[in-house]
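Beneath this line is the structure, given in structure tokens, with notes to follow.
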4 protein chains.
Amino acid sequence: MVPPSVERRSERARRAILDAALELCQDQSFAGLTMEGIAKRAGVGKQTIYRWWPSKAAILLEALQERGGATLIFPDTGDIVADLRTQMTQVVRAFNDPMFAAYSRGLISAAQSDPEIAAAVVESIIRPRVDLCVDRLAKAQQAGDIHPDANLPDVVELLYAPLYYRLLLHTRPTTEAQVDAVLTMVFQGLRP
Amino acid sequence: MVPPSVERRSERARRAILDAALELCQDQSFAGLTMEGIAKRAGVGKQTIYRWWPSKAAILLEALQERGGATLIFPDTGDIVADLRTQMTQVVRAFNDPMFAAYSRGLISAAQSDPEIAAAVVESIIRPRVDLCVDRLAKAQQAGDIHPDANLPDVVELLYAPLYYRLLLHTRPTTEAQVDAVLTMVFQGLRP
Amino acid sequence: MVPPSVERRSERARRAILDAALELCQDQSFAGLTMEGIAKRAGVGKQTIYRWWPSKAAILLEALQERGGATLIFPDTGDIVADLRTQMTQVVRAFNDPMFAAYSRGLISAAQSDPEIAAAVVESIIRPRVDLCVDRLAKAQQAGDIHPDANLPDVVELLYAPLYYRLLLHTRPTTEAQVDAVLTMVFQGLRP
Amino acid sequence: MVPPSVERRSERARRAILDAALELCQDQSFAGLTMEGIAKRAGVGKQTIYRWWPSKAAILLEALQERGGATLIFPDTGDIVADLRTQMTQVVRAFNDPMFAAYSRGLISAAQSDPEIAAAVVESIIRPRVDLCVDRLAKAQQAGDIHPDANLPDVVELLYAPLYYRLLLHTRPTTEAQVDAVLTMVFQGLRP
DNA sequence: GTTTAAACGAGACGGTACGTCTCGTCTTCCC
DNA sequence: GGGAAGACGAGACGTACCGTCTCGTTTAAAC
């Protein structure tokens with residue numbers, strides 16, 4: 001995050017640390033993750049970790065960015081509701097993957113007491129995906145499928161917030177049925 | 001939470017512990033809260049805490065239940081949208097109160113790695129408020145103000161999730177404008 | 001030791017406490033003995049113990065006095081060396097009994113940091129036995145078997161100290177051979 | 001005592017711990033000595049103590065060995081009784097020094113419930129001094145000043161045990177008069 | 001026989017110290 | 001000079017006992 005001199009850095013150590021963090025997080029959840037554990041698993045000195053990352057969340061964040069880069073696409077078939085369903089269903093699947101859920105919960109949990117983590121999570125994970133969704137909604141709005149007064153970032157929130165709600169509040173599991181329910185309510189409105 | 005013998009319990013110690021926990025959580029956030037710190041501030045032996053609560057989150061939960069009990073009312077003026085706006089605005093205000101926000105974030109954060117905390121948060125904080133909201137929505141549904149097919153718990157989620165989303169993801173602050181936006185979108189629907 | 005009112009005292013509780021102390025001391029040695037453990041084993045409230053004894057050593061002391069009272073006799077056959085050998089051999093046997101050794105070591109150990117215990121040990125255990133020995137030596141001195149200048153309490157120390165030395169310093173076990181060696185050296189003198 | 005890797009060890013920390021232990025033992029006696037207190041006084045983490053010593057007695061033992069090394073000499077003027085008097089008088093003086101007496105009592109007390117301490121005390125404190133005394137006695141025996149049948153280690157015990165007896169049993173203080181009495185009795189024998 | 005005051009069992013309380021754990025820094029060698 | 005190794009100062013963890021302090025409940029002498 002704030003390195004002393006980027007050139008001499010050992011790529012081997014960097015890779016080992018990122019991999020160890022991901023593996024340990026799977027095994028023991030984010031709360032059980034420790035700097036000491038990562039160092040041991042990666043065969044790396046603790047100082048090497050502290051030199052390049054300020055916290056365990058920062059490590060995980062970087063690890064996830066590397067792995068999750070591929071998912072940054074948003075379908076466009078012309079049917080906005082169908083495309084949203086496709087995309088939201090992917091999110092539901094990710095939230096139901098124990099590993100991904102552990103990462104997400106851990107990072108958001110850490111963000112509650114560390115503003116830097118919070119900012120990094122938003123910047124590198126949330127914002128890019130929201131922007132993509134906003135772009136797709138803008139097309140639909142221009143096509144006349146969405147009310148012209150609608151504030152699109154607010155729409156994105158309205159659609160995805162219920163998924164995060166269940167993930168973080170542990171009320172019910174997220175399901176595809178939830179996606180359908182949200183889409184129906186949001187596009188039809190609640191009035192009879 | 002899991003008491004050894006409820007009768008002899010010292011109310012003085014109980015109060016001191018709950019108060020100390022709330023005060024320290026304000027000062028140092030939930031992550032900086034320690035059993036040792038609570039004990040010292042409350043003038044209490046650590047054993048006395050461990051005897052009655054399994055974790056610091058459990059203490060905070062009990063403290064919040066006592067203080068927040070008064071908020072368990074839901075207005076009913078006959079105008080469902082106005083009543084929701086009233087209630088949701090109260091939630092927005094609470095989320096903008098640094099102290100309450102710290103508690104909420106801390107508890108939800110702790111819930112991510114402790115299923116018991118998660119269950120307790122849902123049971124004692126979330127569920128009662130959701131139920132109240134569902135009741136109010138049911139009346140509106142019977143009055144013909146809400147589509148008869150709408151699943152009311154899903155509606156509650158749809159309305160409140162965006163508030164939690166901003167609280168936990170730290171994207172933007174929750175505002176009254178957000179409440180209006182959500183209510184407009186949800187009740188009108190996104191179609192033009 | 002310093003009772004509030006001796007009459008109402010429960011003999012049942014007293015016996016249970018003394019017995020429990022002895023039993024626990026056998027099982028776990030004096031160092032592992034705790035007031036809490038004694039109370040639990042005796043089926044007695046802690047307060048009942050603190051009401052009548054100031055320390056765990058005081059309990060053990062009283063327990064030992066009751067049991068060991070019978071050993072307060074000193075043989076007198078007319079042959080002082082033989083009588084000393086008889087008596088000292090008894091002491092050796094006691095020191096080689098694991099239970100008695102544990103009690104003795106524990107009490108003397110406790111006496112190092114508690115002057116009251118030290119005084120009590122001397123008064124109730126050591127002094128009576130030393131006095132008996134001095135009496136027997138006095139007879140021998142009058143019979144002309146011991147040098148008239150000899151200071152008898154010093155003689156007692158000279159005879160018994162080597163037994164305590166081995167008990168407490170853990171150099172070698174005390175044996176009957178040691179008794180013989182001591183008696184020979186002391187009565188013959190070291191000069192050729 | 002049971003080190004993990006001797007090379008990297010901080011000499012500064014070691015010295016601070018040994019010094020703190022000695023100072024605290026003077027102030028509050030061995031029984032009042034705590035690991036926590038030593039750590040605080042030495043400005044050291046508790047782990048650093050536990051890493052290198054298994055118990056507070058082990059610390060004290062090492063501290064004493066360093067300081068007491070100088071006393072390992074035995075006079076040889078040709079007069080065995082005079083030399084013993086010189087040496088035993090030194091021991092009497094040490095036993096009457098409150099600090100030294102506290103250390104000795106504390107260590108021997110601890111040895112009663114910890115065989116490792118007991119062994120260490122014998123090996124590092126008692127044995128070297130006994131050996132020195134035996135050597136001096138052997139010379140005297142060859143010079144014809146001591147009975148050829150006398151078992152010298154037994155003689156050492158006979159001479160020094162009365163000093164330890166008074167130190168540990170707290171009957172009377174050790175004095176130079178006691179040394180004279182012991183030497184007279186032992187070398188003359190008790191017979192008239 | 002009833003009263004009544006104490007000793008009793010039980011165990012919660014405010015504390016202290018325990019020995020372990022992890023933190024983030026510092027130090028020491030190796031490459 | 002970066003990296004491995006890991007000792008270090010710090011301090012929270014949860015546990016064990018300490019000695020004190022209520023609590024009802026026996027219980028046995030005094031009335």
Side-chain angles (χ1 to χ4, degrees), chain A residues 3-10 12-14 16-17 32-37 39-40 42-52 54-56, chain B residues 3-10 12-14 16 32-40 42-52 54-56, chain C residues 3-10 12-14 16 32-40 42-52 54-56, chain D residues 3-10 12-14 16 32-40 42-52 54-56:
Chain A
S5 120
V6 206
E7 283 311 318
R8 296 187 172 280
R9 181 168 188 182
S10 154
R12 195 191 61 67
R14 184 173 156 279
I17 290 166
L33 201 62
T34 69
M35 289 303 220
E36 219 127 59
K40 180 146 285 178
V44 137
K46 283 198 288 175
Q47 193 58 247
T48 304
I49 303 184
Y50 284 109
R51 189 151 30 224
W52 303 104
S55 69
K56 58 183 187 172
Chain B
S5 116
V6 205
E7 284 308 320
R8 303 197 173 286
R9 180 167 190 182
S10 156
R12 195 192 61 67
R14 184 175 155 278
L33 201 61
T34 66
M35 290 301 217
E36 214 132 63
I38 296 173
K40 180 150 286 179
V44 138
K46 281 198 286 177
Q47 196 64 59
T48 302
I49 304 184
Y50 285 108
R51 194 159 17 231
W52 303 105
S55 68
K56 57 184 186 170
Chain C
S5 122
V6 206
E7 285 308 321
R8 297 191 173 281
R9 182 168 187 183
S10 156
R12 195 193 58 69
R14 183 174 157 278
L33 201 60
T34 68
M35 290 302 219
E36 217 130 60
I38 296 173
K40 179 146 287 179
V44 138
K46 282 199 288 177
Q47 193 60 245
T48 303
I49 303 184
Y50 284 108
R51 190 153 29 224
W52 303 104
S55 68
K56 59 183 188 173
Chain D
S5 119
V6 205
E7 285 308 321
R8 302 196 175 287
R9 181 167 188 183
S10 156
R12 194 193 59 68
R14 183 174 156 278
L33 201 60
T34 67
M35 290 300 217
E36 214 133 62
I38 296 172
K40 180 149 288 177
V44 138
K46 283 197 287 176
Q47 196 63 61
T48 302
I49 304 184
Y50 285 107
R51 199 169 2 240
W52 303 105
S55 68
K56 57 184 189 173

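Because the structure is predicted, anything quoted here is derived from the model rather than measured. FYI, side chains are in, hydrogens and waters are out, and symmetry mates aren't considered; it's all heavy atoms of this structure. Every chain is numbered from 1, with letters handed out A, B, ... down the list of sequences.
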Completion exercise
From CZ of B/R9 across to C1' of E/dA10 the rounded distance in Å is 18 Å
Problem - Separation of E/dA12 P from B/E7 CD (nearest whole Å) - result: 12 Å
Practice task
Would you kindly check whether a donor in the side chain of B/Q47 faces an acceptor in the base of E/dC13, or vice versa, at under 3.5 angstrom?
Solution key: no
Handout entry: Nearest heavy atoms of B/A39 and B/K46, plus distance in Å
Key = CB-CG, 3.9 Å
Handout entry: Atom pair distance, as rounded to whole Å: CD1 in B/I38 and C1' in F/dG11
Key = 16 Å
Exercise for the section: Between B/G43 and D/E36, just flag the one whose closest nucleotide in DNA chain E comes earlier from the 5' side. Expected result: B/G43
Problem - Spacing of A/I49 atom CD1 relative to E/dT22 atom P, expressed in whole Å - result: 14 Å
Handout entry: Protein-nucleotide distance (D/K40, atom NZ; E/dA17, atom P), rounded to Å
Key = 9 Å
Exercise for the section: For residues A/K56 and A/L33, report the shortest heavy-atom separation together with the two atoms involved. Expected result: NZ-O, 3.0 Å
Exercise for the section: Could you tell me the separation between the OH atom of D/Y50 and the P atom of E/dT22, rounded to a whole number of Å? Expected result: 17 Å
Practice task
Let me know the distance between CZ of D/R51 and C1' of F/dG6, rounded to the nearest Å.
Solution key: 8 Å
Problem - Below 4.0 Å: OP1/OP2 of F/dG2 and any side-chain N or O of A/T48 - result: no
Handout entry: DNA chain F: 5'-proximal contact among B/M35 and B/R8 (nearest heavy atom)
Key = B/M35
Practice task
Taking the side chain as every heavy atom from C-beta outward, state whether D/W52 and D/R9 have any pair of such atoms under 4.5 Å apart.
Solution key: yes
Problem - Comparing D/G45 and C/G32 on DNA chain F - which has the more 5′ nearest nucleotide - result: D/G45
Handout entry: Closest non-hydrogen atom pair between B/S10 and B/A13, with its separation
Key = OG-N, 3.0 Å
Exercise for the section: Identify the heavy atoms of C/A16 and C/A42 that sit nearest to each other, and give their distance. Expected result: O-CB, 3.5 Å
Handout entry: Any A/W52 side-chain N or O less than 4.0 Å from OP1/OP2 of F/dG3
Key = yes
Handout entry: Options F/dA12, F/dG3, E/dC8, nucleotide nearest the side-chain atoms of B/T34
Key = F/dA12
Practice task
Decide yes or no, distance alone: a donor-acceptor N/O pair under 3.5 angstrom between the base of E/dG15 and the side-chain of B/K46.
Solution key: no
Handout entry: Nearest-Å distance for atom pair CZ/P, residues D/R14 and F/dC8
Key = 12 Å
Problem - Phosphate-side-chain proximity, D/R12 and F/dG9, N/O vs OP1/OP2 below 4.0 Å - result: yes
